[in-house]
There are 2 protein chains.
Amino acid sequence: MSAGVRIGQLARNAGVGIHAIRFYERRGLLRRPPRSEGGYRLFDPDDARDLKFIRKAQSLGFSLAEIRELLILERTSAPGCVHVRDLLRRKLSDVRSKIEELKALEAQLASGLRKCQRELNRSRGQPEKGCPVLKELADAKESEDSK
Amino acid sequence: MSAGVRIGQLARNAGVGIHAIRFYERRGLLRRPPRSEGGYRLFDPDDARDLKFIRKAQSLGFSLAEIRELLILERTSAPGCVHVRDLLRRKLSDVRSKIEELKALEAQLASGLRKCQRELNRSRGQPEKGCPVLKELADAKESEDSK
DNA sequence: CTTGACTCTAGAGTTAACTCTAGGGTTTAC
DNA sequence: GTAAACCCTAGAGTTAACTCTAGAGTCAAG
Ligand SMILES: [Zn+2]
Ligand SMILES: [Zn+2]
Ligand SMILES: [Zn+2]
Ligand SMILES: [Zn+2]
């Protein structure tokens, strides 16, 4: 019955660009759709679902390569949980270590900010002595990486 | 007295590649050093300090463009605290929102992981019903982005 | 028929921060 | 006096995930 929807329509429905759709096809995330006589791609509803799958998986932090694997798993309807669990574990540990990194960074930045703020308060009217943060960065001894 | 050190030496001392040094020069982070008769760059100790500055600032999450500004500020020995404080504020707020993002991600991933784990426990010997995480991703209704 | 909106392919451009290569010259030590 | 180790420039390549372009063909409406 429905002969399939063209790329622009699919793109609008899914909220992605048509270039991205063709890109996903080249990368093996979307299957190659049948074509019209004139060579236009004709997508079916499952492709729309796959696009949503991609966007959800991206929001979970998966790369396109990982998503391709997930999509293949989903299509084969094989068990799959083991593979997915491993992927989730790896991602989770990546995310957790990234969070730790960022927290350390946050502390450093906050400390620098306090120093600048103090210097600005101190030098109301008085001549400034120079930014303490810049001084630390320019300081030859690289002691601040230690705890 | 000391006529200046060549690029390889400087690179070894600072722990960066020679290509990176030339790259920093092109990007305006390092000043153009004088040259030997044969055209070799001859660096002085201040350049080594600037390289350390760059590496420390990078570890604080600053981009090379931002570091260039910081270096220029540091060289002019003008007050500078205001500018630095604003940079720190922006960086800090970036870092904090990134942390929030990642924490939300962490929760999602952990929840998926628990689901996979339960399914794996449930199906000891029994046939699997398919991965619940994959099912959610493939599910047409995109409800999970809401809280 | 003739617009105008749409689509096709192949390939280049984007961003950041390097990294590497090719095809040369320079220094220094033996 | 020559070989090893070093350095030079300009420019291409890397990664991810697109984004955009050029130049051409297709399709529906009027
Ligand atoms: Zn599917
Ligand atoms: Zn599972
Ligand atoms: Zn300096
Ligand atoms: Zn300051």
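Letters A, B, ... are given to chains in the order of the sequence lines, protein chains preceding strands, and every chain is numbered from 1. The model shown is predicted, which means the values in this text are computed figures rather than measured ones.
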Rounded to the nearest angstrom, tell me the gap between atom [atom1] in [X] and atom [atom2] in [N].
{"X": "B:L29", "N": "C:dA17", "atom1": "CG", "atom2": "P", "value": "10 Å"}
{"X": "B:F23", "N": "D:dA12", "atom1": "CZ", "atom2": "C1'", "value": "14 Å"}
{"X": "A:L10", "N": "C:dC6", "atom1": "CG", "atom2": "C1'", "value": "15 Å"}
{"X": "A:I21", "N": "C:dT7", "atom1": "CD1", "atom2": "C1'", "value": "12 Å"}
{"X": "B:Q58", "N": "C:dA16", "atom1": "CD", "atom2": "C1'", "value": "10 Å"}
{"X": "A:R6", "N": "D:dT26", "atom1": "CZ", "atom2": "C1'", "value": "8 Å"}
{"X": "A:I54", "N": "D:dA16", "atom1": "CD1", "atom2": "C1'", "value": "15 Å"}
{"X": "A:F43", "N": "C:dC6", "atom1": "CZ", "atom2": "P", "value": "16 Å"}

Taking OP1 and OP2 of [N], is either one under 4.0 Å from a side-chain nitrogen or oxygen of [X]?
{"X": "A:R35", "N": "C:dT9", "answer": "yes"}
{"X": "B:R27", "N": "C:dA17", "answer": "no"}
{"X": "B:R41", "N": "D:dC8", "answer": "yes"}
{"X": "B:Y24", "N": "C:dA17", "answer": "no"}

For A:S111 and A:A107, indicate whether the former's side chain and the latter's backbone hold a donor-acceptor pair under 3.5 Å.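 Not at all, since once roles are kept as given, no pair shorter than 3.5 Å links the two residues.
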Is it the case that the side chain of A:S63 and the backbone of A:E66 share a donor-acceptor pair, with hydrogens and angles ignored and the cut-off at 3.5 Å?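 Checked: pair present.
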Would you state whether a donor and an acceptor, one from the side chain of A:H19 and one from the base of D:dC20, lie under 3.5 Å apart?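 Indeed there is one.
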Spell out yes or no: do the side chain of A:Y40 and the base of D:dC27 have one donor N/O and one acceptor N/O closer than 3.5 Å?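 No, the side chain and the base share no sub-3.5 Å donor-acceptor pair.
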Taking only Lys NZ, Arg NE, NH1 and NH2, and the carboxylate oxygens of Asp or Glu, determine whether [X] and [Y] approach each other closer than 4.0 Å.
{"X": "B:K135", "Y": "A:E74", "result": "no"}
{"X": "A:K115", "Y": "A:E136", "result": "yes"}
{"X": "B:D139", "Y": "A:K56", "result": "no"}

Using the closest heavy atom to pick a nucleotide of DNA chain C for each, name whichever of A:R26 or B:S36 lands nearer the 5' end.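 Mapping each residue to its closest nucleotide by heavy atoms, the 5'-most match is A:R26.
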Return whichever of B:A20 or A:I18 has its heavy-atom-nearest nucleotide of DNA chain C closer to the 5' end.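 On the 5' side of the pair lies A:I18.
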Using a heavy-atom cut-off of 4.0 Å across all strands, would you classify A:G39 as base, sugar-phosphate, or nothing?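 If one applies the 4.0 Å heavy-atom cut-off, A:G39 turns out to touch the sugar-phosphate alone, with no base involved.
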